[in-house]
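All residue numbers in this chain count up from 1 along the given sequence.
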Amino acid sequence: MTVQKTNPLEALLSANPDVRENVFIKRLSADFVIKALDQDELTAAQEEASYGGEMKETELNNIIIAKSCVEPDFSNSDLIQHYGALDAGDCVKKALKVGEIAVLSQKILEVSGFDTTLDSAKK
């Protein structure tokens, strides 16, 4: 089976930059809507998760989810108040289980382009 390759310029010109995906959270029986992060959003998240020159990975995951989640909006004041959170990232930590955070973080990175593999053999 031969794979038809697309012209890279045409692919970029026709690509939709607003990539979204639903992620089902079993415990809550609800779909969370996540969006792809761009470079500026990822850089901002990395800076927010850095303390004294060291980046805290768990904090980074919480911030990435807070920035990427369209539904629910973790910056919603009612949600923050309900969980007694300080901000959206803290709300993620308090509202979700560790496994849910891991699944959402992985999916966010995938829709943000980190699922791309380099395979020079496929030409």
Side-chain angles (χ1 to χ4, degrees):
M1 181 174 141
T2 304
V3 177
Q4 181 67 29
K5 291 191 177 187
T6 305
N7 177 297
L9 178 59
E10 289 174 17
L12 285 171
L13 290 171
S14 65
N16 179 4
D18 186 27
V19 179
R20 294 176 184 231
E21 188 171 312
N22 291 349
V23 180
F24 184 72
I25 302 298
K26 184 178 178 179
R27 175 179 65 95
L28 302 172
S29 295
D31 279 327
F32 282 33
V33 180
I34 58 170
K35 68 177 183 74
L37 295 175
D38 64 26
Q39 183 63 50
D40 292 337
E41 291 168 319
L42 182 58
T43 299
Q46 290 169 330
E47 289 172 359
E48 287 179 50
S50 295
Y51 304 97
E54 184 178 323
M55 187 169 46
K56 307 287 185 188
E57 187 175 340
T58 55
E59 184 73 17
L60 178 61
N61 288 338
N62 297 338
I63 294 168
I64 283 173
I65 292 169
K67 289 184 177 299
S68 177
C69 253
V70 175
E71 185 62 37
D73 177 2
F74 282 99
S75 65
N76 177 284
S77 59
D78 292 335
L79 194 58
I80 288 174
Q81 182 179 359
H82 177 79
Y83 284 99
L86 301 173
D87 56 28
D90 191 40
C91 189
V92 168
K93 178 175 82 174
K94 291 181 175 184
L96 298 177
K97 302 294 183 196
V98 176
E100 295 163 344
I101 290 171
V103 167
L104 284 167
S105 297
Q106 178 183 352
K107 285 294 193 181
I108 291 164
L109 292 175
E110 285 176 14
V111 299
S112 298
F114 286 95
D115 64 339
T116 305
T117 57
L118 297 176
D119 188 353
S120 60
K122 293 183 180 179
K123 289 189 176 185

[X] and [Y]: same hydrophobic cluster, using ILVMFWY side-chain contacts below 4.5 Å?
X	Y	value
V103	I63	no
V92	I64	yes
V19	V23	yes

What pair of heavy atoms forms the shortest contact from [X] to [Y], and how long is it?
X	Y	value
F32	C69	CD2-SG, 3.9 Å
A95	F74	CB-CE2, 4.2 Å
N76	D78	OD1-N, 2.8 Å
L79	C91	CG-SG, 3.7 Å
A11	T6	CB-CG2, 3.9 Å
Y83	K94	O-CD, 3.3 Å

Test side-chain contact (heavy atoms from CB on, under 4.5 Å) applied to L37 and I108, step by step = CA-CA 8 Å; L37 295 175; I108 291 164; 4.0 Å; yes
State the [atom1]-[atom2] distance between [X] and [Y], to the nearest 0.5 angstrom.
X	Y	atom1	atom2	result
M55	E47	CE	CD	10.5 Å
L9	S14	CG	OG	9.5 Å
K97	K26	NZ	NZ	15.0 Å
I34	S112	CD1	OG	7.5 Å
N61	Q106	CG	CD	11.0 Å

Would Q46 and L60 count as a side-chain contact (heavy atoms from CB on, under 4.5 Å) if you check the C-alpha gap in whole Å, the side-chain angles of each, and the deciding distance to 0.1 Å?
-> CA-CA 6 Å; Q46 290 169 330; L60 178 61; 4.0 Å; yes
Given the rule in the side-chain contact (heavy atoms from CB on, under 4.5 Å) test, do I25 and L104 qualify, once you have shown the distances and angles that lead to the verdict?
-> CA-CA 9 Å; I25 302 298; L104 284 167; 4.1 Å; yes
Donor-acceptor contact present, side-chain E41 to main-chain D38, <3.5 Å | yes
Return yes if some donor-acceptor pair links the side-chain N/O of K93 with the main-chain N/O of N62 below 3.5 Å, else return no.
-> no
T43 side chain to Q39 side chain, donor-acceptor N/O pair below 3.5 angstrom =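 Judged by distance alone, the side chains do pair up.
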Side-chain contact, heavy-atom cut-off 4.5 Å: K107 with V111?
->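 Result no, sub-4.5 Å side-chain heavy-atom pair not found.
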Flag the pair F114 / L42 as yes when at least one side-chain heavy-atom distance between them is below 4.5 Å, and no otherwise.
->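 A side-chain contact exists here, since the closest heavy-atom pair is under 4.5 Å.
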Applying side-chain contact (heavy atoms from CB on, under 4.5 Å), run through I101 and V98 and close with a yes or a no.
-> CA-CA 5 Å; I101 290 171; V98 176; 5.7 Å; no
